[in-house]
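Owing to the predicted nature of the structure, the values given are computational and were not obtained by experimental measurement. Every number for a ligand or one of its atoms is a count from 1 in the order of the listing.
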Amino acid sequence: MIQKQKGCNDIKGYEAKVWKYVEAVIDATMEKYNYNYIRTPLFEATELFHRGIGESTDIVTKETYDFEDRGGRKITLRPEGTAGVVRSYIEDKMYGDPTQPVKVYYNGTMYRYERPQSGRDRELTQFGMEVLGSDDPLSDAEVISLAVNIYKMLGLKEIKVNINSLGDAESRNNYREALINYFKPRIGELCEDCQSRLEKNPLRILDCKVDSEHELLKNAPKTIDYLNDESKERFDSVKEYLDILGVNYEVNPNIVRGLDYYNHTVFEIEAKVEGFGSNNVLGGGGRYNGLVGQLDGPDTPCIGFASGIGRLVKALELEKVKMPLVLDIDLFLMYVNEDEKKYAAYLSQELRMAGFIVDTEYVGRGLKAQFKQADRLNAKYIAVLNSEDLNNNEIKIKNNRTKEEETISLDALIYYLDEKLNASDEYDDCTCSDLECNCGGDCCHDECEHEHCSCGHHHE
Ligand code: HAM
């Protein structure tokens, strides 16, 4: 039997419904912030990631899937989305577009050759957004708040936002010097990788997975103490906008991020729900003002964020967030003979095109087994097509929960189902709006005893 590759997952069944819902909320929220969807290739020239993410990062030194294609080109499966977006921005000269900044979002698979464990896969799915062409601290704060609001819209409550600043080039250089001076006398106590990082890129020592618990790392100099006045001022302005946008955050000087392209604001959002395990960072991002220039484009200030959907789905499960998933079908159509089957084929198509979720029998089950199948599919209504009824232009339709059965005219079937199934429209008229729900909108709440509100969220 051929098995899936290590660190890869099949997303299916109930979990697939959760994923689709999560992705729909991401799309809807990104739209509200006026971000355009972008889809870049799954593979790019190896050079893009080496020059973009940084030669000394763990991702580039150990984790990329590299291969030569049949034409002898050096290719890498994308380990993250930012480099591809920046490549596209430069290649398509999007910097010339008068509607700067360019605000884009993506959602797709990335590949990292990591040691698979809970929350760390080799094929992972990330959604992310990038703002290219704005240096305004408001755009930093807005990217952070957009990330937080996506989690909130999904109903996550137990999250923590950690922010930090790496400062501008001058601040980063001063900090780099301080780190070298600090680590040099005791570098022998750290792993081999860290020893080679010391001169190449000492910042990377701080996010070493091997030495993360070492006392030397814990007491290392903090970026914040090396920011020049301009960088400090900028960071203060980002914090002010975060306050205006109502984002709760903590300044955490330990956030340095694992990719080389960052400067100024960096941030990570953690899941705080119990039982998550050690890979609890839902997403991270930051400003990368040098990257477009480094990849041969014009100097362009940028900021972005990405989040692993697998980790997000796990957080939703652990927080037991209720989601408006469609787990039931509206109608299961049953039949016995060939003529009835043909009518079932015709009718299911008509009803589907009218907007109902309809299924029927495909593997030759007898009538008794078809009833069982209808239950397995959580059919709200069932109908046994019967030639005699059909000849009279009638159908017997049964509520599969109350077991009440009615015979109705076939011509009235769509109206009948619409009335029965959309009876919950009464919730749309709900007017109570004084309590807050997790979508942040005006909708119904506990007091109404309604389960669903017009925003499509489920409220207890
Ligand atoms: P990153 O921190 O490497 O940043 O990844 C972002 C998120 O992707 C992580 O917080 C995590 O949720 C998820 N992730 C990463 N690796 C794995 C893995 N092996 N298995 C499961 N999930 C994983 C970036 O990728 C940057 N491109 C973010 C960014 C966008 N910065 C600016 N713009």
So, Asn248 and Lys160: side-chain donor and acceptor under 3.5 Å apart, yes or no?
-> no

Quick note, ring pair (Phe, Tyr, Trp, His ring centres under 6.0 Å) partners involving residues 202-232, not counting sequence neighbours, are Tyr175-Tyr226

Pairs under 3.5 angstrom, nitrogen or oxygen on both sides, ligand 1 versus protein: list them out, please.
from	atom 1	to	atom 2	distance (Å)
ligand 1	2 (O)	Arg257	NH1	3.0
ligand 1	2 (O)	Arg257	NH2	2.9
ligand 1	3 (O)	Arg112	NH1	3.0
ligand 1	3 (O)	Arg112	NH2	2.9
ligand 1	4 (O)	Arg257	NH2	3.0
ligand 1	5 (O)	Gln126	NE2	3.1
ligand 1	8 (O)	Gln126	NE2	3.0
ligand 1	10 (O)	Val281	O	3.4
ligand 1	12 (O)	Val281	O	3.2
ligand 1	12 (O)	Leu282	O	2.9
ligand 1	12 (O)	Gly308	N	3.0
ligand 1	16 (N)	Arg112	NH1	3.3
ligand 1	19 (N)	Glu114	OE2	2.6
ligand 1	19 (N)	Asp121	N	3.4
ligand 1	19 (N)	Asp121	O	2.8
ligand 1	20 (N)	Gly119	O	3.4
ligand 1	20 (N)	Asp121	N	2.8
ligand 1	25 (O)	Arg112	NH2	3.1
ligand 1	25 (O)	Gln126	NE2	3.0
ligand 1	27 (N)	Glu80	OE1	2.6
ligand 1	27 (N)	Thr82	OG1	2.9
ligand 1	27 (N)	Tyr261	OH	3.0
ligand 1	31 (N)	Tyr262	OH	2.6
ligand 1	33 (N)	Thr82	OG1	3.2
ligand 1	33 (N)	Glu130	OE1	2.8
ligand 1	33 (N)	Glu130	OE2	3.1
ligand 1	33 (N)	Phe305	N	3.3

Donor + acceptor pair across side chains of Glu130, Tyr106 (<3.5 Å) = yes

Show me, pair by pair, the donor-acceptor contacts under 3.5 angstrom made by side chains of residues 3-13, not counting sequence neighbours?
none

So is Arg78 actually on top of Phe43's ring, under 6.0 Å and inside 45° of the axis?
-> no

Not counting sequence neighbours, list each pair that qualifies as a ring pair (Phe, Tyr, Trp, His ring centres under 6.0 Å) and has a residue in residues 272-322.
-> Tyr261-Tyr288, Phe267-Phe305

